[in-house]
2 protein chains.
Amino acid sequence: MTMLDKSHKHVNCQTCGARKTSLFANNCENDVALVDEQKSCAFYKKNQPLFIENSFPRGVFCLNQGKVKIFARGDEGKEQIIHIAKEGEIIGFRAMFSGEPYKVSASTLEECNICFIGKEDFLNMIETNATLRNGIMKELSKELGDRAIFITNMAQKSVRERLAFALLILGDVYDKEEINLTREDLANFVGTATETLIRLLKDFKEEGIIEIHTRKLEIINKDKLLHLAGK
Amino acid sequence: MTMLDKSHKHVNCQTCGARKTSLFANNCENDVALVDEQKSCAFYKKNQPLFIENSFPRGVFCLNQGKVKIFARGDEGKEQIIHIAKEGEIIGFRAMFSGEPYKVSASTLEECNICFIGKEDFLNMIETNATLRNGIMKELSKELGDRAIFITNMAQKSVRERLAFALLILGDVYDKEEINLTREDLANFVGTATETLIRLLKDFKEEGIIEIHTRKLEIINKDKLLHLAGK
DNA sequence: AGTAAAAAATGATATTAATCAGCTTTAAAA
DNA sequence: TTTTAAAGCTGATTAATATCATTTTTTACT
């Protein structure tokens, strides 16, 4: 039990449920065993930070269970959510290579199980394991492409269109579950004011696109969303 | 002389002016000689495309001289400029690793000298030359961080603030030269309507922040811009 | 140099979305 | 279980910026 109230349980890489979808997926048993030795795992409560903007990275986080928001803060401290990570994702590896401090913060959105791999160990693996390295490079590249689209959406789409787009992304992130975010977080993902977001959610509900179960959202007409988002 | 009107001159890597600032900078003479063999160089006129969105990459471009805009198109075909590359930059390497088609287009903003290195050759070098590879990974990572900030700016800053921010970036890109972009391109970089941009430029001029020499812009009060951009 | 086309600039108007203020419901804590 | 706080919601108003229409200037072409 640490000061941050994380209870350290052991999560075994060989049997980790996230492994099949993770970047570590294609590594041979040998390497997985190696990761297993080097990592430390922890249970995180809701709304706990993994790292914050402008600090220097000590390693990467492997999200075993739960959701984590990745966000930047604007000049007035308002959060802009860049990405919502789900189980299986590696978080914070960008700053391993850039030589810069973090440009974003990461914080849990719900209870999470997260493993930590130190910078040295991680970079060693990247250096020696070409498969893992290529996976990481592929991921960096994909995200870079996604962000070009994100920027274009922010610049050219209306809030309504962006909300549709955001809900489609969140539909994938939350998969079979219902989307479970505060209105404020959702607004900070879409890039709008909370009040505006609430009004639009109501519209979407009245148009039969979503159902609202207090704070949880259920998509009931994905086609309409796709059409609205302009795809 | 090709159909695309590029006259093929030989540009020598060993003596290339861009080399000192390029990712290829730290490579030993051996590797530079290798690049020299594998590349083909061409002269590009203004407004020629290097590649377009959704097509598949055949290699990377090394910008020897000139400026190139990297942009995505929104649903209505409007360009959103993501980045303006200057001499020394390698263009289009993201798509080498992602396995996806290009998510952005690239087009010259002025007369350019550009070398091309085929995918096979490039990936070979990445695989065998750790220094180059690390440089590329660093670059991917830096850009990813920059884009998080870009997204946040688009979401939270006013057009006026974004213009200030854009001019600061362009001040670096154009270095000692004056900023030389059409109003439309500048608007598409800031993410606003051309008319709005023109009005704001006038304001900036009246406030003694910039000088307008027909289409070229000169920054005369960088401190004010820094303050306006919120840094 | 003279003409056509593209880019830049201006004015008027419309629209979107932010802001402000107050109210209600839900969740958390004592 | 009562109280308090946080989150969610609603309405009115304002401000920022897009859009549309037109004119002027600059650039490119013959």
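Just so we're on the same page: letters track the sequence lines, and every chain starts at 1. Computed over heavy atoms, backbone and side chain alike; hydrogens, waters and symmetry mates excluded.
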Using the ring of each side chain (for Trp, its six-membered ring), is A:Tyr102 parallel, tilted or perpendicular to A:Phe51, with breaks at 30° and 60°?
->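 Taking A:Phe51 first and then A:Tyr102, their aromatic rings lie parallel (interplane angle under 30°).
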So [X], base contact, sugar-phosphate only, or nothing? Heavy-atom distance under 4.0 Å.
X	result
A:Thr192	sugar-phosphate
B:Arg199	base
B:Ser158	sugar-phosphate

Assess whether a salt bridge exists between [X] and [Y], defined as any Lys/Arg side-chain N lying under 4.0 Å from an Asp/Glu carboxylate O.
X	Y	answer
A:Lys103	B:Asp146	yes
A:Asp75	B:Lys157	yes
B:Arg73	B:Glu79	yes

Round to a whole Å and report the spacing from [atom1] of [X] to [atom2] of [N].
X	N	atom1	atom2	value
B:Lys216	C:dA7	NZ	P	16 Å
B:Glu76	D:dA18	CD	P	14 Å
B:His213	D:dT26	NE2	C1'	16 Å
B:Arg183	D:dT24	CZ	P	19 Å
B:Lys205	C:dA9	NZ	P	8 Å
A:Leu201	C:dT25	CG	P	18 Å
B:Asn47	D:dA28	CG	C1'	13 Å
A:Glu184	D:dA5	CD	P	18 Å

Hey, is the side chain of B:Arg160 poking within less than 4.0 Å of OP1 or OP2 on D:dA16, counting only N and O atoms?
->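 No.
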If only side-chain N and O atoms of A:Lys202 are considered, is one of them under 4.0 Å from the OP1 or OP2 phosphate oxygen of D:dC9?
->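 Answer no for this pair, as no side-chain N or O of A:Lys202 is under 4.0 Å from OP1 or OP2.
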Do B:Lys39 and B:Phe116 pass the side-chain contact (heavy atoms from CB on, under 4.5 Å) test, and can you show the C-alpha distance, the side-chain angles, and the key distance before you say yes or no?
-> CA-CA 5 Å; B:Lys39 76 178 195 315; B:Phe116 178 83; over 6 Å; no
Face-on cation placement of B:Lys69 at B:Phe71 ring, 6.0 Å and 45° thresholds |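 That pair qualifies as a cation-pi contact.
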Kindly calculate the angle separating the two end axes of the helix from C:dA1-D:dT30 to C:dA30-D:dT1, each obtained from five base pairs, and round it to 10 degrees.
->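 What I find for the helix from C:dA1-D:dT30 to C:dA30-D:dT1 is an axis angle of 50°.
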Starting at the 5' end of DNA chain C and moving along, which residue's nearest nucleotide shows up first, A:Thr196 or B:Ile212?
->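 Closest to the 5' end, via its nearest nucleotide, is B:Ile212.
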For B:Lys46 and B:Glu195, take the nucleotide of DNA chain D holding the closest heavy atom to each; which residue's nucleotide lies nearer the 5' end?
->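 Mapping each residue to its closest nucleotide by heavy atoms, the 5'-most match is B:Glu195.
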Tell me yes or no: between the side chains of B:His83 and B:Glu143, is some donor less than 3.5 Å from an acceptor?
->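 Judged by distance alone, the side chains do not pair up.
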